[in-house]
Every structure is written in C-alpha cells, then in structure tokens.
**Student:** 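The structure that follows is given in the form of structure tokens.
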There are 2 protein chains.
Amino acid sequence: MTDASTPRRLGFLLTQLGTFASARFAERVRDLGLVPSDAGVLRLLSRNPGMSQRDLAGRLGTVPSRVVVLIDSLEGRGLVARTRSPSDRRNHELRLTDAGRTTMGALRGIAEAHEHELFASLDDEERRLLQGILAKLAADFGLDTEVHPGYSERGQ
Amino acid sequence: MTDASTPRRLGFLLTQLGTFASARFAERVRDLGLVPSDAGVLRLLSRNPGMSQRDLAGRLGTVPSRVVVLIDSLEGRGLVARTRSPSDRRNHELRLTDAGRTTMGALRGIAEAHEHELFASLDDEERRLLQGILAKLAADFGLDTEVHPGYSERGQ
DNA sequence: TATTGTTATACTCTATAACTATA
DNA sequence: TATAGTTATAGAGTATAACAATA
C-alpha cells in the first residue's frame, strides 16, 4: 500500500504513540471510576495541597469555571475537599481527602503497570536512551514536569 | 516543588510530547485553513484514491455519519470530489481534486517544517536511535502506518 | 473597585438511530 | 432483505459572560 521503505516521520510516530499511550492510560483509569482529567487533578493536588481553584486552573491551562465542574465531581465522590481559606474567605483551599489519597495510591500503581506494558519490549539500554532523548525534547519545549497536557480527556 | 531527582516516567513523557507535537502541528495546519482531521483525510485519500466513505470511516476508526460531515466540508472547499461508483451506485468514490493535491503538497511542506522544529536539538545519531525505538513500539501495538490516530482534533 | 468562585448559557464535536436510494 | 450514504437529534465537554460574596 504505502511506502514501507521510507522510515516514518518522527513527529508522526511521536503523535501516534503519545495518543496510543493516552488512550491506554484512560482505559486503565476508568477501572478506578475516574476519567483522565480526574487523575491529573488528583496528581496535582497531591503535590500541591491547599491550592486555590484559580491556581489549579492556571496550572491546567483552563478556566476557573471548568475547575468548578472538575472539583464538584471529585468532591461529590469524596476524593477532594474544599475548605474556605481563613486568611481570605474568597479562596477555596483544595486538598485530597483520605479516600483521595488512597485513590492516588491506586493511580500510582496504574501508572507503574502502564509503564511496564508500554515499554515491555525495550531493554534497559533502550529505555535509558529513550528517557534521555525525550527528556531533552520536553526541556526544549518547556513542558511542565508536573502537569499533564491532557487534563481533559487524555492520559496520565 | 516536585522530585527533580526521579527521572520522569517514559509513558508520561511520551504522552506529553505526543500531545505537544499534535498541538503544534494543528497550529501549522490552521495556516492552510484546515483542521487536523482535514489533513488526515487528505493524506489518506491521496494514498488511496477512490475509497468509499465506509472504507474511510473504517480506516479512521469512526462512523459513516461522521465521514459525511468531514467530506461535506472538504468538498465544499473544492479539495475533494465525490463521484458515484458506476459499478454500484450506492457508493461514493472519493478523490482529491487538483486543488486538493496542491493543498496536499503544502501539507507535506508543513510536515517537513514541523519535523525540523521538533527535533532540531537532536544529532543524527539520536534521531536514528529515536526512530528505531519508536518504530519498534509502534509495531508492538500494531499502530497503522498510514492512519493518524487523531483524525479528529489532533495533528499530522 | 478588584478578585474568587459560581451559574447560566451557548457552541463544538461526535455518536446513535431513523431514513433514502440502490442492490 | 441488505448495504451505502444521509439527516435528525441528543449528549458530552468546554468556554464566555454575567453574577454573588468577599476583600
């Protein structure tokens, strides 16, 4: 069909694999009753307890009104708690509940399994090389080490 | 903030970079007045002229009704033509018009530039290694060499 | 007057199901 | 009766703008 001789473009491969990895992660996360956006928020809050909703919006690259919906959902399931800031009562401080921390632990397990599955066919040397190259590229483009781009419907 | 010591997970990096690459490609494509889904369809039709809408739906992993919308739009802009199949008048044969082929040429230029931009910081050896590893992973998961996962709102 | 969070609303994307025309 | 394509419709996800509470 297509030209099997020409090596596929790197950008194409990167997009294809990134999309595949996201979709696969989303599947796994669904087993916990979460969507990928939930996972992103839990992850961020576990590392930055007490964040305000505006902080979170900025970090996720979205608008405050979207954060309301995300947090409403997580709060409704008892995974995140809002508490009004004593110093400025306009602010909500966001934190994981105990249940939220438990879920976060499960998410770490899922990420581990995901990692194993994706890179099963690579040897240690290849993993090391890939890690080095991808980290370099991520640095080139200033990609945030904590924030996942797909806070919405994507993976991890 | 976060543990800068621990190397970032490969899966995380892959998703992050894949998403970034998609978004960047989408920006470039927009300069041609196209959305990424358009680019995916043009690409597929340039390699498989005469495809039916059902073939295309199957290839894109979507439903026939979605293809109607995609092709309506491209046909409206004069980039794709529908012709009824003489052998079975239920079928539409899809082909690029001359204008569609011209646009396809421009898309190839964009893909080239995109590639340059993304991997500017890598030397030849690194590119070769990355290509090898990513191609191996793509093969592991049976990713189609012709079809871009994001026929919808993603890149390339 | 400015800022945080919320609500109301509208828009985009996409899929499901009913429909038509051809076979 | 079965298949290709189309249309109508509804749902999910997300953003914009108006609003209420607090500073």
**Student:** How sharply is the helix from C:dT1-D:dA23 to C:dA23-D:dT1 bent, taking the axes over five pairs at either end and rounding to 10 degrees?
**Tutor:** 20°
**Student:** Out of C:dA23, D:dT7, C:dT4, which nucleotide sits closest to the side chain of B:D88?
**Tutor:** C:dA23
**Student:** List the steps, then state whether side chain to side chain donor-acceptor pair (under 3.5 Å) holds for A:D55 with A:S52.
**Tutor:** CA-CA 5 Å; A:D55 291 342; A:S52 74; 3.3 Å; yes
**Student:** Between the base of C:dT3 and the side chain of A:R90, is there a donor and acceptor pair under 3.5 angstrom?
**Tutor:** yes
**Student:** Here's a test of your reading of the structure: between A:N91 and B:R84, which maps to the more 5' nucleotide of DNA chain C?
**Tutor:** A:N91
**Student:** Answer whether the closest heavy-atom distance between the side chains of B:L107 and B:L34 falls below 4.5 Å.
**Tutor:** yes
**Student:** Scan B:R95, B:R59, B:E93 and name whichever one has a side chain to side chain contact (heavy atoms under 4.5 Å, CB included) with B:M51.
**Tutor:**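 Considering B:R95, B:R59, B:E93, a side chain to side chain contact (heavy atoms under 4.5 Å, CB included) with B:M51 is found only for B:R59.
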**Student:** Strictly by ring-ring contact (aromatic ring centres under 6.0 Å, His included), give each pair with a member in residues 71-96 of chain B just once, sequence neighbours left out.
**Tutor:** none
**Student:** Taking atom P of C:dT4 as reference, at what distance in whole Å does atom CD of A:E93 sit?
**Tutor:** 14 Å
**Student:** Does some side-chain heavy atom of B:T103 sit less than 4.5 Å from a side-chain heavy atom of B:L96?
**Tutor:** no
**Student:** Rounded to whole angstrom units, what separation is found between the CG atom of B:D72 and the P atom of C:dT14?
**Tutor:**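 Distance, rounded to whole Å: 15 Å.
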**Student:** Side chain of A:S65, base of D:dT14: donor and acceptor closer than 3.5 Å?
**Tutor:**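 Per atom types, no contact qualifies.
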**Student:** Atom CZ of A:R89 and atom C1' of D:dA20: how far apart are they, to the nearest Å?
**Tutor:**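 My rounded result for the distance is 14 Å.
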**Student:** In whole angstrom, what separates A:L94's CG from C:dT6's P?
**Tutor:**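 Between P of C:dT6 and CG of A:L94: 9 Å.
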**Student:** Rounded off to whole Å, could you give me the CG-to-C1' distance for the B:L70 and D:dG5 pair?
**Tutor:**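 In whole Å, D:dG5 C1' and B:L70 CG are 14 Å from each other.
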**Student:** Under a 4.0 Å N-O cut-off, is there an ion pair linking B:R30 with B:E27?
**Tutor:** no
**Student:** Which one, D:dG5, C:dG5, D:dT16, comes nearest to the side chain of A:R54?
**Tutor:** C:dG5
**Student:** What integer distance in Å separates A:R66:CZ from D:dA12:P?
**Tutor:**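 The distance from CZ of A:R66 to P of D:dA12 comes to 13 Å, rounded to the nearest Å.
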**Student:** Quick one: B:L60 CG to C:dC13 C1', roughly how many Å, whole number?
**Tutor:** 15 Å
**Student:** I'd like to know if B:R101 and B:D98 make a salt bridge, using a cut-off of under 4.0 Å between side-chain N and carboxylate O.
**Tutor:**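 A salt bridge links B:R101 with B:D98.
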**Student:** Rounded to whole Å, how long is the line connecting atom CZ of A:R82 with atom P of C:dT4?
**Tutor:** 16 Å
